[in-house]
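All heavy atoms count here, side chains included; hydrogens, waters and symmetry mates do not.
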Amino acid sequence: ENWPKLGWGLHFYDFSASKKNASPTGKAHMASEIDLRAKWTHSDKLAISASYGMLTPDISGADNITQTYLNLHLTF
C-alpha cells in the first residue's frame, strides 16, 4: 500500500484583531485554538476519523469552548 492506514494532525490557530480597539476586550489578541485529528483508513471505501478542538478566548472569566466528533466515511 502507498498510504499508511493511520494519519494524524495538529493545528494551531491564533486569532487577533487587525486593530487593537476592534476586539471586545480592547486588546489585539482575541483567542487561541488547538485541534487534534486522527483518521484510520481501512480501504478507499471505508475510514473513520476523530477530532478534538479547544478554543481559549482571551477574555477574563470566559470559559474554554471544546468540540469532539467522530465520523464514519463510507463510499458506495
*How about Trp40: does its CH2 atom have over 12 heavy atoms from other parts shown lying under 6.0 Å from it?*
yes

_Non-hydrogen atoms of Pro57 and Ala31 that approach each other most closely_ = CA-CB, 3.8 Å

*asked:* Side chains of Met54 and Thr56, heavy atoms from C-beta outward: is any pair under 4.5 Å?
replied: yes

*What distance do Asp58 atom CG and Ser32 atom OG have between them, rounded to the nearest 0.5 Å?*
7.5 Å

*Could you tell me the separation between the CG atom of Leu74 and the CD1 atom of Ile48, rounded to the nearest 0.5 Å?*
11.0 Å

*Can you tell me how far OG1 of Thr41 sits from NE2 of His73, rounded to the nearest 0.5 angstrom?*
8.0 Å

*Under 3.5 Å, side chain of Ser43 to main-chain N/O of Lys45, donor-acceptor pair present?*
yes

_Heavy-atom check, side chain of Glu33 versus side chain of Leu55, under 4.5 Å_ = yes

*Parallel under 30°, tilted from 30 to 60°, perpendicular over 60°: which one fits the rings of Tyr13 and Phe15?*
parallel

_Asp35 CG to Leu10 CG distance, which is reported to the nearest 0.5 Å_ = 8.5 Å

*Where is the tightest heavy-atom contact between Arg37 and Ser51, given as atom of each residue plus distance?*
CG-OG, 3.5 Å

*Can you tell me how far the CD1 atom of Ile34 sits from the CG atom of Asn64, to the nearest 0.5 Å?*
11.5 Å

*In Å and rounded to the nearest 0.5 Å, what is the CG to NZ distance from Asn71 to Lys39?*
9.5 Å

